[in-house]
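Following: one structure in structure tokens, then a few remarks.
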Amino acid sequence: MLDYPALQAVSLVVRTGSFDRAAQAMNVTPSAVSQRVKQLEERLGTILVIRGQPCTATERGEWLCRHMEQVGLLEGELMTRLPALAEPEQPQQRVTLRVAANADSLGTWFLGAVAAFTNQSPHLIDIAVDDQEHTAEWLRQGRVLAAVTALDKPIQGCRVIPLGSLRYLATASPEFTARHFAGGVTVPALAQAPSLIFNQKDRLQSQWMELAVGASPGHPVHWVPSTQGFVEACLLGIGWSANPELLVREHLDAGRLRELIPGTVLDTPLFWQINRVAADRLADLTRAVVETARRLLVSPQG
């Protein structure tokens with residue numbers, strides 16, 4: 001039989017980041033929370049929580065946290081159908097759903113989907129951010145229930161739904177373009193012009209160069225770990241980058257930015273993958289994600 005008070009303690013310590021805040025949420029003492037976590041770790045013979053500021057979960061701890069999310073979903077559904085089961089004196093714990101999305105989706109359309117869901121649901125959302133080619137790994141590891149990903153093949157135990165493509169345009173300020181591409185956007189020019197890179201996983205600039213000129217030359221880069229920061233850096237003439245059209249269209253129309261090669265677009269297909277066990281209970285979240293994406297992203301025929 002599973003020790004659900006101990007599982008809840010692990011989940012709350014990880015969610016809140018501390019034993020003290022978990023104790024407040026459970027209305028018990030921090031020592032009681034610590035004892036529950038320790039006893040469960042001893043029973044399982046493994047560490048579940050990495051003590052620190054903040055506390056984080058180990059891989060096995062993540063699995064237990066996701067299990068508690070699904071238990072919370074089941075209990076919420078049961079309380080809706082059988083409200084007499086709820087204890088009047090006991091405040092109802094709100095379920096936190098952990099999902100993953102790439103930074104550019106988060107900065108353009110994904111929060112609109114989250115808003116459409118949370119406006120109609122009591123559940124809370126915890127969004128993990130990673131490159132669209134790597135968010136699928138969060139699902140494989142059981143660290144999230146659903147993810148926006150570039151992977152079109154279903155991960156084991158998941159359903160996959162196509163969302164459309166996020167369109168990227170390579171942009172720079174007029175001054176930067178005149179300074180670095182006066183003779184045109186060529187391989188030698190791209191080898192000298194600084195671009196912007198989000199992190200080591202970011203391949204968008206390389207993909208656009210391969211599409212536009214058939215090569216991805218080594219070139220100087222500025223590291224800017226922010227979707228909005230990319231646009232600001234382009235406006236300020238720091239470098240060029242492939243930016244979501246949803247973020248730069250207004251700047252292009254106003255002449256504040258220019259496309260390096262007009263009409264050369266990079267479309268990145270995105271998919272919604274969701275854990276099959278939780279899929280039916282998260283149908284409203286999936287509906288919000290799909291409807292928002294298909295309204296704002298580029299369709300396959302687009």
Going by atom types alone, do Asp20 and Ser18 pair a side-chain donor with an acceptor below 3.5 Å?
no
Can you tell me if CD on Gln156 sees more than 12 non-hydrogen neighbours from other groups inside 6.0 Å?
no
Does Asp126 pair with Arg143 as a salt bridge, N-O distance under 4.0 Å?
no
Please confirm whether the backbone N or O of Phe117 pairs with a side-chain atom of Ser121, one donor and one acceptor, at under 3.5 Å?
no
Inter- and intrachain pairs under salt bridge (charged side-chain N to carboxylate O under 4.0 Å, His left out), touching residues 193-209, at least two apart
Asp130-Lys201
Would you call Glu41 and Lys38 a salt bridge, using N to O less than 4.0 angstrom?
no
Would the distance check show the side chain of Arg21 and the main-chain N or O of Thr16 forming a donor-acceptor pair, the cut-off being under 3.5 Å?
yes
Hey, is CD on Gln35 packed in by over 12 heavy atoms from elsewhere, all under 6.0 Å?
no
All ring-ring contact (aromatic ring centres under 6.0 Å, His included) counterparts of Phe176, not counting sequence neighbours
His180
Heavy-atom donor-acceptor pair, His123 side chain to Leu97 backbone, under 3.5 Å:
no
Do you know which two heavy atoms are closest between Ala182 and Ala178, and how far apart they sit?
CB-O, 3.4 Å
Mind checking salt bridge (charged side-chain N to carboxylate O under 4.0 Å, His left out) for Arg60 and listing every partner two or more places apart, or none if nothing turns up?
none
Looking at Ser165 and Arg167, would you say the former's side chain and the latter's main chain have a donor-acceptor pair under 3.5 Å?
no
Are any side-chain N or O atoms of Ser34 and backbone N or O atoms of Pro30, one a donor and one an acceptor, separated by less than 3.5 Å?
no
Any donor-acceptor pair under 3.5 Å from Gln228 side chain to Glu232 backbone
no
Check: Gln205 side chain, Leu196 main-chain N or O, donor-acceptor pair, under 3.5 Å
yes
Atom CD of Glu210: over 12 foreign heavy atoms under 6.0 Å:
yes
